[in-house]
Amino acid sequence: MTDYRKTARRAGRIALQVVAALFLTTIAWVLIYRWVSPPATWLMLDRRAHAPVGMGYHGIREQDRRINYDFKTLDEVSPHLPLALVAAEDQRFLIHHGFDGDALLKAAKSNLSGGKQLRGGSTISQQVAKNVFLWSGRSYVRKGAEAYFTLLIELLWDKRRIMEMYMNVAEMGDCIFGAEAASQQYFHKSAKKLTPAEAALLAGVLPNPLRFRAGNPGPQARAKQKRVMRNMRRLGGTAYVRELMEK
């Protein structure tokens, strides 16, 4: 019994040390990315290695699978872009602390009633946590890790940095990540020169950029673009962006 207790205590100490090491590592990782742009994300590496497979996907590169990714700060893109992303994805971005309870409740009610899951259940902060720090896939472990990293970035970053990270690592086409790469690919110009309509189109296809094309938009993409532009006006236009820049 004594040997068993000693072994259990030793195992407990080792487990605590492992947990503490993981905790400190994630803190350091998040703090580094507050000032340093990620060299790549897990999804970028996965896309580099394997072409995505899905019904209705467009623009899939079978051969040249180099990743197009060019990190830009908020000062280096059009002010219409962050406004469009908030209008499309998370209109309570500036006031929530990582999780939007109202959106999650609506999404849950829709699922229980048999309807389609509503967009907006996942905030921009949650998407950054998922896109930057986690692997692809779906599981309860991954959802728990997503919640953990969401709390960390909301605590250790400001809203400006969260938006900056989101607009740079979001997938906007096969092997195309971030607003600058997407703007060059689809509009042949820098993201600094995006018009409100172009920013709304990029933001509108984000739920599934492999199916809704920004480069050659179909009726659904155009409908989403119009909806995003209405939301941009309702949010107050570039005045909202000035508030974001100060956060």
Side-chain angles (χ1 to χ4, degrees), residues 26 28-52 59 61 65-78 80-90 93 98 119 122-138 142-143 145-187 190-192 194 198-199 201-212 214 244-245 247:
T26 56
W29 193 8
V30 173
L31 280 174
I32 288 171
Y33 279 177
R34 180 174 180 175
W35 296 284
V36 178
S37 59
T41 66
W42 296 113
L43 182 58
M44 290 180 193
L45 297 176
D46 183 63
R47 290 288 189 258
R48 178 71 175 85
H50 308 287
R61 305 176 184 180
R65 299 203 54 76
R66 288 175 295 180
I67 298 298
N68 294 336
Y69 167 59
D70 187 1
F71 198 99
K72 298 292 184 181
T73 67
L74 275 180
D75 295 320
E76 296 175 306
V77 303
S78 165
H80 303 299
L81 179 63
L83 176 62
L85 292 172
V86 170
E89 297 288 300
D90 184 3
F93 175 64
R119 285 179 56 196
S122 180
T123 65
I124 284 177
S125 301
Q126 287 175 271
Q127 293 180 59
V128 168
K130 176 176 60 178
N131 292 341
V132 175
F133 299 102
L134 300 178
W135 61 96
S136 301
R138 295 182 180 182
R142 188 171 180 272
K143 290 299 293 184
E146 177 187 310
Y148 171 72
F149 276 106
T150 299
L151 291 173
L152 280 188
I153 64 175
E154 282 282 343
L155 179 65
L156 300 176
W157 298 356
D158 53 22
K159 291 290 187 179
R160 177 190 175 103
R161 183 57 174 174
I162 294 172
M163 172 56 70
E164 211 164 63
M165 194 68 74
Y166 180 61
M167 72 180 193
N168 278 286
V169 303
E171 185 178 28
M172 295 188 174
D174 186 33
C175 297
I176 300 170
F177 288 84
E180 180 64 22
S183 182
Q184 295 287 355
Q185 175 71 25
Y186 303 130
F187 308 122
S190 168
K192 183 72 173 178
L194 286 172
E198 291 166 342
L201 184 58
L202 285 182
V205 302
L206 272 182
N208 197 330
L210 301 178
R211 184 168 286 119
F212 300 112
L244 171 64
M245 301 285 268
K247 288 288 186 176

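Side-chain atoms are counted along with the backbone in the values below, which use heavy atoms only and exclude waters and symmetry mates.
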At what distance, to the nearest 0.5 angstrom, does [atom1] of [X] lie from [atom2] of [Y]?
{"X": "Gln127", "Y": "Glu146", "atom1": "CD", "atom2": "CD", "result": "8.5 Å"}
{"X": "Leu152", "Y": "Leu31", "atom1": "CG", "atom2": "CG", "result": "8.5 Å"}
{"X": "Ser125", "Y": "Lys130", "atom1": "OG", "atom2": "NZ", "result": "12.5 Å"}
{"X": "Glu164", "Y": "Met167", "atom1": "CD", "atom2": "CE", "result": "5.5 Å"}
{"X": "Gln126", "Y": "Leu151", "atom1": "CD", "atom2": "CG", "result": "9.5 Å"}
{"X": "Met165", "Y": "Tyr33", "atom1": "CE", "atom2": "OH", "result": "7.5 Å"}

State, to 0.1 Å, how close [X] and [Y] come at their nearest heavy-atom pair, and which atoms those are.
{"X": "Met163", "Y": "Leu85", "value": "SD-CD1, 3.8 Å"}
{"X": "Ala129", "Y": "Thr150", "value": "CB-OG1, 3.5 Å"}
{"X": "Ser183", "Y": "Ala191", "value": "OG-N, 3.5 Å"}
{"X": "Trp157", "Y": "Val30", "value": "NE1-O, 2.8 Å"}
{"X": "Met172", "Y": "Ala182", "value": "SD-CB, 3.6 Å"}
{"X": "Gly173", "Y": "Leu210", "value": "C-CD2, 3.7 Å"}

Are any non-hydrogen side-chain atoms of [X] and [Y] less than 4.5 angstrom apart?
{"X": "Gln184", "Y": "Ile176", "value": "no"}
{"X": "Cys175", "Y": "Arg48", "value": "no"}
{"X": "Tyr69", "Y": "Thr41", "value": "no"}
{"X": "Pro82", "Y": "Tyr166", "value": "no"}
{"X": "Ile124", "Y": "Ile162", "value": "yes"}
{"X": "Ile153", "Y": "Phe133", "value": "yes"}
{"X": "Phe177", "Y": "Leu43", "value": "yes"}

Main-chain N/O of [Y] paired to [X] side chain as donor or acceptor, under 3.5 Å:
{"X": "Arg65", "Y": "Arg47", "result": "yes"}
{"X": "Arg142", "Y": "Trp135", "result": "yes"}
{"X": "Lys72", "Y": "Ala179", "result": "no"}
{"X": "Asn68", "Y": "Ala181", "result": "no"}

(request) Show the numbers, then the answer: is there a side-chain contact (heavy atoms from CB on, under 4.5 Å) between Leu201 and Tyr186? (result) CA-CA 10 Å; Leu201 184 58; Tyr186 303 130; over 6 Å; no

